[in-house]
Amino acid sequence: MTRLKRLKGIGILTGVLVLLLAIGLLAAGCGESDSKNGTTSEEGKSSGVSGKVTCSGSTTVLPIAEEAASMFMDENPDAEVEVQGGGSSTGISQVKEGVVDIGNASRDLKDEEDDGSIVDHKIALDIICIAVNPGVGVDNLTRDQVKGIFTGAITNWSEVGGADGQITVVIRDAASGTREIFDEKALEISDDNPVELTGSAMETNSNGIMRETVASTPNSIGYISFGYLDDTIKAVNYEGVTPTIETAKDGSYPLSRYLHMFTNGEPEGAVKGFIEFVMSDEFQNDVVGEDYIPITKL
Amino acid sequence: MKRIKRAINNFQRKEVGIKIILVTSASLSILAVFMIIAYIFRESLPAIRTVGFKGLFSFNWKPEPANPPAGSYGMLVPIIGTISATFWAILFGAPLAIGTAVYIDQMAPMAIRSVINRGIEILAGIPSVIIGWFGLTMLVPALRNVTATNGFGIMAAGVVLAVMSLPTITSISVDALRALPPELEEASLAMGATRWQTVSRALLPAARRGVLIAVILGIGRAVGETMAVQMVVGNANQVAWPWELFKPTSTLTSRIISDIGESTGVFRSVVYTEGLVLLIFAMVLILAIRMVSRERKR
């Protein structure tokens with residue numbers, strides 16, 4: 001009986017393995033043809049780039065830079081791109097010292113960091129929208145109301161003009177760049193002003209899960225990148241300003257930031273090729289556009 | 001004569017070859033275990049050194065990934081969350097599972113028995129993410145409707161974990177009951193005991209060690225479960241004791257899965273330390289099983 005069962009098990013296992021293999025082959029086949037298309041369309045722009053590019057800095061920019069590096073190296077076999085994290089400040093100081101060619105940052109250059117030789121390449125715009133469950137009857141929140149809700153001072157929607165209902169606060173994980181900007185710009189948290197978030201805040205670790213959670217939890221509030229807004233959640237105005245690309249660009253909507261690649265002087269050679277690749281329509285639309293507003297669309 | 005000798009030689013050579021293969025595979029798994037333990041321990045060391053036991057075993061959780069080693073990294077909230085969720089999982093799951101085991105072993109007609117057996121096998125094979133999804137879309141809203149909370153928390157996690165530990169506890173309890181000598185049951189029934197008296201006074205007490213091992217293994221399943229729990233426990237950074245059923249909180253596994261992606265430096269090391277605590281939980285459970293089964297042999 002057991003042997004029979006085992007035999008059956010092996011049969012099923014083999015079947016599954018064969019199936020997986022088939023799927024894997026299929027996927028590999030698709031991937032190949034994709035990258036081939038990419039090469040032909042890109043060839044005119046960046047063929048023949050060779051040399052080494054190093055970059056370090058913001059962990060928010062890191063996934064974009066890593067993706068760009070691997071795609072860039074696929075197209076330019078003679079080029080080598082090395083990407084490291086470390087944080088925006090590290091990236092900026094290392095590019096100034098000449099340790100790396102490109103410093104990635106998720107914030108603007110501070111005045112004391114600007115020595116005149118740093119060249120700014122804005123690669124994406126990130127807009128953080130305050131989103132609530134569609135059932136919440138509140139359309140605008142002030143700075144103080146947002147602070148009150150996320151720190152736990154305000155716990156019921158009736159306190160900010162909505163219907164009676166216990167507020168569920170949804171936040172991002174500690175390493176999230178979206179959380180970084182929200183904490184800094186909306187809650188004004190800094191080393192000098194440490195603010196305790198409400199303990200009942202639920203952590204989500206991606207924009208997608210944030211959207212799912214806010215959409216499915218009545219009376220919930222969270223924050224999300226502009227690109228993830230859809231009709232399952234409701235973006236509220238902040239200080240009376242609707243989050244749009246225009247209001248973010250002219251600065252009237254404050255919860256936004258550019259992602260940067262800084263170089264020491266105008267880039268040359270492989271560095272130039274790499275930054276041009278990051279700025280290309282194809283990369284901006286396909287990769288940057290997944291999480292942020294492509295710089296080409298501004 | 002020669003031929004026989006050669007045949008024996010062949011046999012011996014084959015025997016030795018098989019032995020080598022078996023010894024290699026056995027030592028590989030032992031090696032893997034030791035490497036995992038050594039690796040997790042080594043990666044935890046920076047956290048233990050910089051944060052210290054006092055810092056790690058506190059309620060203060062405020063990672064600052066941007067500027068380590070600043071920030072506080074207390075693990076008590078997820079440790080207590082794991083214990084609370086597991087407590088309810090076993091409280092819900094164990095009686096249900098043991099009841100099922102008794103029914104399968106004692107009362108179920110052949111046809112129903114195999115239906116239940118297949119059902120439990122399928123339950124054991126359902127990927128945890130699907131059970132978690134079910135919990136998120138059915139259980140959490142249901143809990144939300146009957147309580148004044150958002151539904152996430154220890155209760156939801158406990159129910160989901162009960163479902164997941166059910167197959168483990170049931171099948172091992174069935175084995176324990178089946179291993180009892182048939183005379184026990186026959187004698188009890190012959191003495192005029194009812195079915196229920198036989199089960200509760202003779203069979204379950206006799207099989208109690210096996211059932212206890214089943215429950216301990218069920219605890220192990222509940223402690224280590226990740227995906228399903230993360231989806232329903234709320235991932236909030238506040239302590240929830242076992243009696244605080246509807247307070248969103250975190251477990252060790254949900255914290256690890258939330259933070260493993262983007263943590264760096266000390267923060268990352270703390271994530272490994274959380275893994276180390278889980279490993280210690282597992283070892284304690286294995287030790288408990290050894291003690292129970294050793295007692296049984298005596």
Side-chain angles (χ1 to χ4, degrees), chain A residues 5 9 12 16 57-60 62-63 84-90 106-107 133 152 156 164-181 183-184 189-191 194-206 209-210 212-221, chain B residues 59-68 70-73 77-78 117-118 121 125 132-133 136-138 140-141 143-145 147-153 230-240 244 246-250 254-265 267-268 270-271:
Chain A
K5 231 190 233 168
I12 292 171
V16 169
S58 163
T59 48
T60 312
L62 187 66
Q84 283 182 335
S88 297
S89 303
T90 310
S106 52
R107 61 169 171 81
N133 184 272
N156 197 298
D164 178 56
Q166 192 84 20
I167 300 176
T168 295
V169 176
V170 190
I171 57 173
R172 288 290 307 277
D173 55 297
S176 152
T178 310
R179 174 164 173 182
E180 183 190 341
I181 171 183
D183 283 1
E184 178 194 316
I189 297 179
S190 65
D191 289 345
V195 176
E196 284 293 329
L197 292 175
T198 174
S200 61
M202 306 201 328
E203 243 178 56
T204 52
N205 54 0
S206 74
I209 296 175
M210 167 68 86
E212 275 306 309
T213 309
V214 172
S216 62
T217 312
N219 293 319
S220 61
I221 182 169
Chain B
F59 291 104
N60 251 332
W61 175 261
K62 208 178 174 209
E64 285 185 33
N67 52 339
S72 35
Y73 298 94
V77 168
N117 270 331
R118 288 302 92 76
E121 277 166 22
W133 196 15
L136 183 65
T137 52
M138 307 286 293
V140 169
L143 292 174
R144 186 182 296 145
N145 287 337
T147 62
T149 62
N150 59 30
F152 293 94
Q230 202 226 4
M231 292 168 91
V232 300
V233 79
N235 305 310
N237 178 29
Q238 58 183 352
V239 66
E244 293 173 306
F246 296 100
K247 216 166 149 191
T249 186
S250 308
S254 77
R255 274 248 72 92
I256 291 174
I257 206 76
S258 296
D259 294 328
I260 207 155
E262 295 180 77
S263 54
T264 48
F267 188 12
R268 186 159 196 87
V270 171
V271 177

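Here is how names work: the chains are called A, B, and so on, in the same order as the sequence lines, proteins then strands, and each is numbered from 1. All values below were derived from every heavy atom in this structure, side-chain atoms included, with hydrogens, water molecules and symmetry-related copies excluded. From a predicted model like this one, the values you see are computed outputs, not experimental measurements.
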Query raised in the report: Considering only heavy atoms, which portion of B/Lys247 lies under 4.5 Å from any heavy atom of chain A: side chain, backbone, both, or neither?
Result: neither
Query raised in the report: How would you list, by chain and number, every residue that makes a side-chain hydrogen bond (donor to acceptor under 3.5 Å, both in side chains) with A/Asp164, sequence neighbours excluded?
Result: A/Asn156
Report summary line: Closest heavy-atom pair, A/Met202 versus B/Asn150, reported as atoms and distance to 0.1 Å, is SD-ND2, 4.1 Å
**Report entry** Distance-minimising heavy-atom pair for B/Ala236 and A/Gly199
**Finding:** CB-O, 3.5 Å
Requested in this report: Could you walk me through whether B/Phe152 and A/Thr168 pass the side-chain contact (heavy atoms from CB on, under 4.5 Å) test, one step at a time?
Outcome: CA-CA 10 Å; B/Phe152 293 94; A/Thr168 295; 5.7 Å; no
Report summary line: Taken to the nearest 0.5 Å, the spacing of A/Leu197 CG from B/Gln238 CD works out to 12.0 Å
Query raised in the report: Rounded to the nearest 0.5 Å, how far apart are CD1 of A/Ile171 and CG of B/Asn235?
Result: 10.0 Å
Query - Residue list, side-chain contact (heavy atoms from CB on, under 4.5 Å) with B/Thr149, at least two apart or on another chain - result: B/Thr147, B/Phe246
Query raised in the report: How about B/Glu244: does its CD atom have over 12 heavy atoms from other parts shown lying under 6.0 Å from it?
Result: yes
**Report entry** Structural part of A/Ser200 lying under 4.5 Å from a heavy atom of chain B
**Finding:** both
Query raised in the report: Which atoms of A/Glu212 come close to chain B, meaning under 4.5 Å heavy atom to heavy atom: side chain ones, backbone ones, both, or neither?
Result: neither
Query - Minimum side-chain heavy-atom gap A/Glu203-B/Asp259 below 4.5 Å - result: yes
